[in-house]
Enquirer: 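Got a structure for you, written out below as structure tokens; questions coming shortly.
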Amino acid sequence: QAKAGGGNQFRLFETNMAERTRNHAALDSQLRQAVERNEFVLFYQPQVSASTGQIIGAEALLRWRSPERGFVAPGEFLPRAEENGMIVPINEWVLMEACREAKAWHRMGLCHLKMSVNLSPIQFQRVNVAALVVKALAATELDPRCLDLEITENIVLEDSEAVIAALQQIADLGVSISVDDFGTGYSSLNYIKKFPLDRIKIDQCFVRNMVENPSDHTIVRTVANLGHSLGLTVVAEGVETEAQADLLKADGCDVMQGYLYGKPMPAQEFTALVSASARIGLTA
Ligand code: C2E
Ligand code: MG
Ligand code: MG
Ligand code: MG
């Protein structure tokens, strides 16, 4: 192929490969430093009850405050961190920090708030995730019922017996488990009855155009019905407009998350928002 395209094309390919490797090596060492220097922070995005409008919890979303690059979004470094294994220490920190923050909110009197934390399938390959959860709960004294762990459908590609066992141990602690980005992963629906699940999160790609696009709306409604038939709580992600929210409520979605209710924000802003909405009577 490279030969048929002539020497130039081959050289171009070679250069890109070398460049890729150099970029990876640079990112790898920056990520290692980031862990050592504690350059990660968590932002929190509200999750709102569809029926009451009350903020019932938050999703913790990772941000890297790089001295060289400024705030870096997870999409720019997590795929590499999953490839090079750095996701393990990074996500261990995320879990501990999110539990610590949730406990701090409870101590402030915001006792009802639940914290959702994203997990990576790589963690289930490499470490005992249930033991990590036990450790984080013990260290922070967080009520397990106030912790929710988000997994993606791609976790099914891992050794599913081992994953099911780990998830069952976590569920037995009283921690809830959500399927994130539902409908976008590489898996059949078969896992949904075998895994100890509590919630499904309808991916934002279906919510985005559901008002204009009848097929997307049908998918959203069908996923909501599926979730409810299985006894699961249904969460909608990426809710940006009132029109979307109205349809999602009509379709029976239980929990809403998206820019309409708040972007991911620093902890202080989040607690201020919760307190302010409580004062004006939006929350209990
Ligand atoms: P996710 O878990 O599906 O999180 C939702 C993403 O959608 C977040 O992007 C959030 O900022 C964005 N979002 C929320 N509402 C809206 C909206 O109304 N409109 C639009 N356009 N976007 C919205 P973010 O923070 O960049 O995170 C991207 C992904 O990175 C997350 O997707 C999650 O898969 C992953 N991630 C984030 N933090 C962690 C972490 O601590 N550990 C792991 N393993 N993955 C993480
Ligand atoms: Mg998530
Ligand atoms: Mg998602
Ligand atoms: Mg996502």
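When a ligand or atom number is given, it counts from 1 through the structure's own listing order. Hydrogens, waters and symmetry mates play no part in the numbers below; they use all other heavy atoms, side chains included. Since the model is a prediction, treat every value here as computed from it, not as a measurement. In what follows, residues are counted from 1 in the order of the sequence shown.
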Enquirer: Would you mind listing which atoms of ligand 1 come within a distance below 4.0 Å of any non-hydrogen atom of Asn91?
Expert: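 Heavy-atom distances to Asn91 below 4.0 Å select 42 (N), 43 (C), 44 (N).
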
Enquirer: Could you say whether the N/O atoms of Leu62 and ligand 1 ever approach to under 3.5 Å?
Expert: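 Between Leu62 and ligand 1, an N or O pair is found under 3.5 Å apart.
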
Enquirer: About how large, to 10 degrees, is the angle OE2 of Glu59, then the Mg ion (ligand 2), then OE1 of Glu150?
Expert: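 With the Mg ion (ligand 2) as the vertex, the angle is close to 90°.
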
Enquirer: Within a distance under 4.0 Å of any heavy atom of Asp180, pick out the atoms of ligand 1 and give their elements.
Expert: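 Ligand 1 atoms under the 4.0 Å threshold to Asp180: 1 (P), 2 (O), 3 (O).
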
Enquirer: Would you please determine whether Gly238 falls within less than 4.0 Å of ligand 1 on a heavy-atom basis?
Expert: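 Heavy atoms of Gly238 do come under 4.0 Å of ligand 1.
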
Enquirer: Within a distance under 4.0 Å of any heavy atom of Gly258, pick out the atoms of ligand 1 and give their elements.
Expert: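 The list of qualifying atoms is 15 (N), 18 (O).
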
Enquirer: Side chain, backbone, both or neither: which part of Asp181 has a heavy atom under 4.0 Å from ligand 1?
Expert: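 Only the side chain of Asp181 comes within reach of ligand 1.
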
Enquirer: If we only count heavy atoms from C-beta on, is the Leu232 to Arg199 side-chain gap below 4.5 Å?
Expert: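 Side chain of Leu232 against side chain of Arg199, heavy atoms only: no contact under 4.5 Å found.
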
Enquirer: Give me the ring orientation class for Trp64 and Phe77: parallel if the planes are under 30° apart, tilted from 30 to 60°, perpendicular past 60°.
Expert: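 Ring orientation, 0 to 90° scale: perpendicular.
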
Enquirer: Are the side chains of Phe40 and Val94 in contact, using a 4.5 Å heavy-atom criterion?
Expert: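 They are not in contact (no side-chain heavy atoms under 4.5 Å apart), so the answer is no.
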
Enquirer: Just which atoms of ligand 1 are under 4.0 Å from any heavy atom in Glu240?
Expert: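 Listed by number with element, the hits are 17 (C), 18 (O), 19 (N), 20 (C), 21 (N).
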
Enquirer: Which heavy atom of Cys253 sits nearest a heavy atom of Ala50, and at what distance?
Expert: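 Taking every non-hydrogen atom into account, O-CB, 3.2 Å.
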
Enquirer: At less than 4.0 angstrom from any non-hydrogen atom of Ser120, what atoms of ligand 1 do you find?
Expert: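 It comes down to these atoms of ligand 1: 44 (N).
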
Enquirer: If we only consider heavy atoms of Arg63, is any one of them less than 4.0 Å away from an atom in ligand 1?
Expert: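 Yes; Arg63 lies near enough to ligand 1 that a heavy-atom distance drops under 4.0 Å.
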
Enquirer: Would you say Glu237 reaches the Mg ion (ligand 3) with an N/O/S atom under 2.8 Å?
Expert: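 Given the 2.8 Å cut-off, Glu237 counts as a ligand of the Mg ion (ligand 3).
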
Enquirer: Inspect the contact between Arg126 and Glu82 and indicate whether a charged nitrogen and a carboxylate oxygen are less than 4.0 angstrom apart.
Expert: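 No.
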
Enquirer: Are Ile55 and Leu273 close enough, and set up right, to give a side-chain contact (heavy atoms from CB on, under 4.5 Å), and what steps lead you there?
Expert: CA-CA 9 Å; Ile55 298 174; Leu273 178 70; 3.9 Å; yes

Enquirer: Are any of the N/O atoms on Glu237, whether in the backbone or the side chain, positioned under 3.5 angstrom from an N/O atom of ligand 1?
Expert: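 Between Glu237 and ligand 1, an N or O pair is found under 3.5 Å apart.
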
Enquirer: So do Asp203 and Phe182 actually touch side chain to side chain, heavy atoms under 4.5 Å?
Expert: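 Phe182 does not reach Asp203 side chain to side chain.
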
Enquirer: Measure the distances from the heavy atoms of Lys263 to every atom of ligand 1 and state whether one is below 4.0 angstrom.
Expert: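 Flag not set, Lys263 not near ligand 1.
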
Enquirer: When you draw lines from the Mg ion (ligand 2) to OD1 of Asn118 and to OD2 of Asp180, what angle lies between them, to the nearest 10°?
Expert: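 Rounding to the nearest 10 degrees gives 90°.
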
Enquirer: Do the side chains of Lys201 and Glu59 get close enough for a salt bridge, i.e. N-O under 4.0 angstrom?
Expert: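 A salt bridge is present here (some side-chain N lies under 4.0 Å from a carboxylate O).
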
Enquirer: Are Leu142 and Trp105 side-chain neighbours, meaning at least one heavy-atom pair lies under 4.5 Å?
Expert: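 The answer is no; the side chains never approach within 4.5 Å.
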
Enquirer: Checking one value in my table: which N/O/S atom of Asp181 lies closest to the Mg ion (ligand 3)?
Expert: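 The Mg ion (ligand 3) is closest to the Asp181 atom OD1, counting only N, O or S.
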
Enquirer: Is Glu240 salt-bridged to Arg208, cutoff N-O under 4.0 Å?
Expert: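 Salt bridge absent between Glu240 and Arg208.
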
Enquirer: Hey, which atoms in ligand 1 end up nearer than 4.0 Å to a heavy atom of Gln45?
Expert: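 It comes down to these atoms of ligand 1: 14 (C), 15 (N).
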
Enquirer: What atoms of ligand 1 come closer than 4.0 angstrom to any heavy atom of Leu78?
Expert: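 Checking each atom against Leu78, I get 35 (C), 36 (N), 39 (C), 43 (C), 45 (N), 46 (C).
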
Enquirer: Tell me the contacting part of Val94 for ligand 1: side chain, backbone, both, or neither, using a 4.0 Å heavy-atom threshold, strictly below.
Expert: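 Side chain only; the backbone of Val94 stays clear of ligand 1.
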
Enquirer: Could you say whether the N/O atoms of Gln204 and ligand 1 ever approach to under 3.5 Å?
Expert: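 Yes, at least one N or O pair falls under 3.5 Å.
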
Enquirer: What atoms in ligand 1 come closer than 4.0 Å to a heavy atom of Pro74?
Expert: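 Matching atoms, with element in brackets: 24 (P), 25 (O), 26 (O), 27 (O), 28 (C), 30 (O), 37 (C).
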
Enquirer: Just going by heavy-atom distances, which of Leu61, Leu260, Leu42, Thr184 is nearest to atom 8 (C) of ligand 1?
Expert: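 Going through Leu61, Leu260, Leu42, Thr184 one by one, Leu61 has the nearest heavy atom to atom 8 (C) of ligand 1.
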
Enquirer: Would you say that Gln204 contacts Asp181 through its side chain, given a criterion of any heavy-atom pair below 4.5 Å between the two side chains?
Expert: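 No, their side chains stay 4.5 Å or more apart.
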
Enquirer: Enter the distance from Asp28:CG to Gln33:CD here, rounded to the nearest 0.5 Å.
Expert: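 Rounded to the nearest 0.5 Å, the CG-CD separation comes out at 12.0 Å.
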
Enquirer: Between Lys249 and Ser51, does the side-chain hydrogen bond (donor to acceptor under 3.5 Å, both in side chains) criterion hold? Intermediate values first, please.
Expert: CA-CA 8 Å; Lys249 283 177 202 164; Ser51 55; over 6 Å; no

Enquirer: Measuring from atom 18 (O) of ligand 1, which candidate in Phe40, Trp93, Tyr259 has the nearest non-hydrogen atom?
Expert: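 Minimum heavy-atom distance to atom 18 (O) of ligand 1 goes to Tyr259.
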
